[in-house]
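These notes concern the structure reproduced below.
Keep in mind the model is a prediction, meaning the values are calculated, not measured. Sequence lines set the chain letters: A, B, ... in the order given, protein chains first and strands last, and positions in each chain run from 1.
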2 protein chains.
Amino acid sequence: MGETKDVRRRRKAAPSKGDLREQAILDAAERQLSEDGLDGMTVETIAKAAGITRGALYFYFGSKNDVLAALVERTVSTLHADVTSAADDSTPGEALREGVRQTAQMWREHGTVMRAAIELSPVVPAIDKAWRPAVAAVAVATRNIAEQAGVPAGNGPQEAAALTAALVWMTERSFYQATVTGGSLEDTAATLTHLWLTALRIDA
Amino acid sequence: MGETKDVRRRRKAAPSKGDLREQAILDAAERQLSEDGLDGMTVETIAKAAGITRGALYFYFGSKNDVLAALVERTVSTLHADVTSAADDSTPGEALREGVRQTAQMWREHGTVMRAAIELSPVVPAIDKAWRPAVAAVAVATRNIAEQAGVPAGNGPQEAAALTAALVWMTERSFYQATVTGGSLEDTAATLTHLWLTALRIDA
DNA sequence: GCACAAAGTCTACACACTGTCGAAAAAACT
DNA sequence: AGTTTTTTCGACAGTGTGTAGACTTTGTGC
């Protein structure tokens, strides 16, 4: 089985200049992701793009998946900050609009990483562990907005939690599709904001 | 690269009893999918479960991915039939309700295959080629219902085509999530029907 | 009942990629 | 200069895919 051993041999907490290499590796991975895509992206090619050999790369990361997971983590942490900050906007309607706008912007800047995260999340536990919480965090933020807007609070199938969860998945998936098929992110954003508002009966 | 050669050496159109083997292979694959999941599902194990060796399996299918693709195709073809038949129901509202019901039922019966299709679709072109049209067909069916219910027709960001597309993705993703996390399909269905109806402003 | 092809099956091999080991080189520290 | 710690490398082993060619079974016309 391709299971990754639990035994780490990374360095403890060295402050050394090798940390730069770590970032360089992530940069190389992201660059290669945009240029060549997931296919043909092997540990060898990542290492070479970062100017080292495979063996050296395994000093910094325990596995190929760890590299991707770290990359996703790095990207996702900023999304989380953006969306939650949008939450305290004037009106609920404006908060939602802004949230969608932020998400679209994120896709514009880091689309390849987001895309890779979604595609690999189901298959790579390490990535799932980074991606799922990020989505969940967005769901929580929007649930608060929804409840503030008068959507019945609670965990029932037709109450705020479930409704916003489904809408967040819709958002994730729609932007993903737009990215994959080369569709317009602006149009997608317009569709999504419209659906969010009508689905939650905000600002008739 | 794991590219599959275009050279086929399958048999032409033999009516022989070897066709049974072909089905047996798919059955074995589906069974193994439900029992062991995607991980550790190798050509070896599929072949063994079907009572043949790896080499023999490659006589029937050109690659491992071809096996999965065929399995998805077999499953998806029935979904398509179900949903389009639901389209000609009495009222638009009832048609949508029925559509969601049918989809839920599909997930109940073939959840593991659906799940595998979604997870592998981004990574395996052959599977994508089977899955994407199926989703698109459902989107078309629902778009017709929506337009019939008074949603402005057209391809603009806030018109029927785009709206139903996004909602279909929401449906796909929500059932998928429910399956993965072990959530209730009934509750998910309830949430989804509610969202479909309010998002399209049907039956206030 | 038999030659001969087609359909079906097998074992063995080649190849790609991941992850591991232990030894060498570079840096940092004394 | 001596020694430890960090970093790098080349070589190896394991696992899984797909391919090649030989061998067996099944059918079919004579």
Query raised in the report: D/dT6 P sits how many Å from A/E22 CD, rounded?
Result: 14 Å
**Report entry** Integer-rounded Å distance: C/dT9 C1' and B/I25 CD1
**Finding:** 12 Å
Query raised in the report: Any side-chain N or O of A/T42 less than 4.0 Å from the OP1 or OP2 oxygen of C/dT18?
Result: yes
Query raised in the report: Which pair of non-hydrogen atoms, one from B/A95 and one from B/I145, has the smallest distance, and what is that distance?
Result: CB-CD1, 3.7 Å
Requested in this report: Applying salt bridge (charged side-chain N to carboxylate O under 4.0 Å, His left out), name anything that partners A/E109, two or more places apart in sequence or on another chain.
Outcome: none
Query raised in the report: OP1, OP2 of C/dT9 versus side-chain N and O of B/Y58: anything below 4.0 Å?
Result: no
**Report entry** Nucleotide nearest B/K64 when distance is taken to its side chain, options C/dC10, D/dT17, D/dT6
**Finding:** D/dT17
Query raised in the report: Once you round it to whole Å, what is the distance between C1' of D/dG10 and CD1 of A/I52?
Result: 15 Å
Query raised in the report: Rounded to the Å, how far apart are A/K48 NZ and D/dC9 P?
Result: 12 Å
Report summary line: Between A/A199 and B/T198, the two heavy atoms sitting closest are O-OG1, 3.4 Å
Query raised in the report: Are any of A/T53's side-chain N or O atoms less than 4.0 Å away from OP1 or OP2 of D/dT8?
Result: no
Report summary line: From CZ of A/R21 across to P of D/dT7 the rounded distance in Å is 10 Å
Requested in this report: With the side chain of B/V43 defined as its heavy atoms from C-beta on, choose the nearest nucleotide among D/dT17, D/dT8, C/dT18.
Outcome: D/dT17
**Report entry** Atom pair distance, as rounded to whole Å: CD in A/E44 and C1' in C/dG19
**Finding:** 13 Å
**Report entry** Side-chain-base donor-acceptor pair under 3.5 Å for B/R54 and D/dG18
**Finding:** yes
Requested in this report: Using the test salt bridge (charged side-chain N to carboxylate O under 4.0 Å, His left out), find all partners of A/R54 that sit at least two apart in sequence or belong to another chain.
Outcome: none
Query raised in the report: Can you tell me how far P of C/dT9 sits from CZ of B/F61, to the nearest Å?
Result: 13 Å
Query raised in the report: When you check the side-chain N and O atoms of B/Q102 and B/W107, is any donor under 3.5 Å from an acceptor?
Result: no
Query raised in the report: Under 4.0 Å: is that the gap between some side-chain N or O of B/S63 and OP1 or OP2 of D/dT17?
Result: no
Query raised in the report: Nearest-Å distance, CZ (B/F59) to C1' (D/dC23)?
Result: 15 Å
